[in-house]
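Worksheet for the structure shown next.
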There are 2 protein chains.
Amino acid sequence: MPITLKQLSLLAGAHPSTVARVLHADPRQRVSAELRERILQLAREHDYRPNSVARSLRTKRTAVFGVLIPDIANPFFASVLRGMEDAAAERNYSIILTNTDDQPAREAHGLAMLRDRQVDGLLLATARLHDSAIEQLAREQTPFVMVNRHTEPITPNAVVPDDYAGAVAAIEHLLELGHRRIAHIAGADDASTGYLRRQAYLDTLRSHNADTFDDQAALLVRGSFREAGGYTAMRTLLELPDPPTAVFAVNDLAALGAIHAIIEAGLRVPEDISVVGFNDLFHASHMAPNLTTVQVPHRAMGVRAVERLLDMVVDGVMPESPLLMPVTLIVRQSTAPAPQRQPGASTHRRATPAS
Amino acid sequence: MPITLKQLSLLAGAHPSTVARVLHADPRQRVSAELRERILQLAREHDYRPNSVARSLRTKRTAVFGVLIPDIANPFFASVLRGMEDAAAERNYSIILTNTDDQPAREAHGLAMLRDRQVDGLLLATARLHDSAIEQLAREQTPFVMVNRHTEPITPNAVVPDDYAGAVAAIEHLLELGHRRIAHIAGADDASTGYLRRQAYLDTLRSHNADTFDDQAALLVRGSFREAGGYTAMRTLLELPDPPTAVFAVNDLAALGAIHAIIEAGLRVPEDISVVGFNDLFHASHMAPNLTTVQVPHRAMGVRAVERLLDMVVDGVMPESPLLMPVTLIVRQSTAPAPQRQPGASTHRRATPAS
DNA sequence: CTGAAAGCGCTTACAG
DNA sequence: CTGAAAGCGCTTACAG
């Protein structure tokens, strides 16, 4: 059992309030040097540590932030969380984690639990473009920051990748390689990431080929943010009479699934089909082949989100505008010049064994 | 501002203690049906939710577990944490996360912070074989469970992979493939994982070749649990006059680094050198080549650890013996029969281009 | 069946 | 310079 303030004050022969003042190094304190020394000495001897729960009840501050994340086992979110925890620890804040699996019921449950625990603010990596739970938080003036995804229209308390610019860079890279049949494996379009990357895809292709481009005919397939979605979407694309020579996947996991489908169909990446991902997951550089992708500064995004939340909660400073984290196209081995299509050549040709 | 119990009791025209009893569905409660209904109704209307901080101060229970993890950005620990959070949420417990980067100072700081927050128990993924911080916790009777690593000798509050059996399976697999020069890239030997996997390596080779085996001459190199360590260790091995034909790495990250070094040297995996990892990381199956590895049930390990801690803290049930999670050798593409060594053939030969 | 009170361990405005 | 008191929002043993 750790020692309490009261016990300490008994030992020191001083009133608890005096002890508290000394321990807080209250600037207005004017305690005699001798008494202060005695108190400090005893606190050290008995390793006195204030009970945060009691302090929180009194001060109405917990120094805890609640985090809602779809799935911490997804390495992207793990990096973001690492950044959050580092930035929080720096200011003696702690992080309580809740996984939601993108299920509104789990989100609601997590939010309620976090509020019951009186967290000082929330970090949400779960925003949908129209998100009633988040609108509710805004109405209640609960301090929160959105990370990675934002609601529509974007608000100053958002810290997100520059999805649009990243997707434009990816598509332009493919165009420069000579690709003309460029597909997009889209994510959920109720998430800003999925929506913006898809929009950038459509806009870039349209502006590049204003005369003939037709949104309806675009090689746009709904996938998901996960591997299985990328796999299924790619199979759909491969069955087209005239399949794409390049694919921009909404993220690295979907790209991974797409590559599986391509290889399974006996085609090669990048010789037959180029693939670009998004995020630059921990292992994007270890995949077969190494993935060309749009790098998002995951960890820094977590850091910045917490810094903004601390500004709001501790310093009362509201952000003026959303923070778009800069992204970078990293060209690796999964993209190559468009193959020369021989008219009439089978698009389902087997990869010729190299030997 | 959420409503408090006191405000609610005013509205109900009943005493706070009565309201509390109704809300807790106290079995011994014998409140008139009418009053109970009125209170319940008002609580619903005003969305009354008890303040956990106040409750915790009173009950001396926070329903929070503290977690010490080396690095949540490591996908292995991310999976473990996911399991922990799932199992905790099931019982309305929350998780506060602290990253330590395996630095004792950060561990001490994290532990102090978690204790100040009055967590009900600790989940430690940071144990060293001789760990004074953990010995201290044991002395103080703080409830805690060790995950993935344990102190020496192993105690009942440990939930760890069956490291020894997994490593034996890996080595036997290589022996069956005809390998005789089998190296080990070891991890830190002050961690049970590193220590046991190394011991299993030595024991298995020794028993397989009792006459000629010499511990001192074993192809044992100190690496680390991270990629860079595997890379450096492999380079050392490749410079030997008679390099190994197979390598058992202490974990998948080290295996990844080793594969880099092998490929960089112009050799092939598995044709020239077989590689086995440990853990089966999320991306072990996506690496080039797909990694043969010992699968550890990461998520389940987190779940079981929390269940044990809940048993201890909530139900007062102490575990009788440590829990060794079963592991499985997964044979993929990074292992193959030992190459036929031609006497005098250069071991640093370039891979012959396949075409 | 319900009320009144104590108290968890702090912090802080109020006195003197 | 330091003490005495109130109170954060609960829970629970004690009365009646």
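Letters A, B, ... are given to chains in the order of the sequence lines, protein chains preceding strands, and every chain is numbered from 1.
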Short side-chain N/O contact to D:dG9 OP1/OP2 from B:Tyr48, under 4.0 Å: no

Sequence neighbours excluded, every pair satisfying salt bridge (Lys or Arg N to Asp or Glu O under 4.0 Å) that has a member inside residues 55-78 of chain A: A:Asp71-B:Arg82

Residues in ring-ring contact (aromatic ring centres under 6.0 Å, His included) contact with A:Phe65, at least two apart in sequence or another chain: A:Tyr93

Residues which pass ring-ring contact (aromatic ring centres under 6.0 Å, His included) with A:Phe76, listed by chain and number, not counting sequence neighbours: A:His298

B:Gln41 and B:Arg44 side chains, donor-acceptor separation under 3.5 Å: yes

Sequence-distant partners of A:Ser94, side-chain hydrogen bond (donor to acceptor under 3.5 Å, both in side chains), two or more places apart: B:Arg117

Partner set under side-chain hydrogen bond (donor to acceptor under 3.5 Å, both in side chains) for A:Thr59, not counting sequence neighbours: none

Contacts of type side-chain hydrogen bond (donor to acceptor under 3.5 Å, both in side chains), residue A:Asp102, not counting sequence neighbours: A:Arg149

Nucleotide nearest A:Ala14 when distance is taken to its side chain, options C:dC10, C:dT2, D:dG3: D:dG3

Nearest-Å distance for atom pair CG/P, residues A:Leu10 and C:dC10: 13 Å

Selection residues 134-145 of chain B - residue pairs positive for salt bridge (Lys or Arg N to Asp or Glu O under 4.0 Å), sequence neighbours left out: B:Arg115-B:Glu140

Spacing of B:Ile3 atom CD1 relative to D:dC10 atom P, expressed in whole Å: 10 Å

5'-to-3' dot-bracket of DNA chain D (Watson-Crick, G-U; under 3.5 angstrom; crossing pairs as [ ]; | other strand): |||.||||||||.|||

Between D:dT12 (C1') and B:Leu23 (CG): distance, integer Å: 15 Å

Are there any protein N/O atoms within less than 3.5 Å of an N/O atom in nucleotides 14-16 of chain C, and if so, which ones and at what distance?
none

Rounded distance in Å - NZ (A:Lys6) to P (D:dG3): 15 Å

A:Thr4 side-chain N/O to C:dG9 phosphate OP1/OP2 under 4.0 Å: no

Pairing residues for B:Asp120 by the salt bridge (Lys or Arg N to Asp or Glu O under 4.0 Å) criterion, not counting sequence neighbours: none

With A:Arg91 via side-chain hydrogen bond (donor to acceptor under 3.5 Å, both in side chains) - residues at least two apart: none

Between C1' of C:dT2 and CZ of B:Arg36, the distance in whole Å: 13 Å

A:Arg49 CZ - C:dG9 C1' separation (whole Å): 15 Å

Donor-acceptor pair (no angle test) under 3.5 Å: B:Ser17 side chain, C:dA4 base: yes

Close residues, residues 55-62 of chain A, relative to DNA chain D [heavy-atom separation under 4.0 Å]: A:Leu57, A:Arg58, A:Lys60

Span that lies between the P atom of D:dC1 and that of C:dT12, in whole angstrom: 22 Å

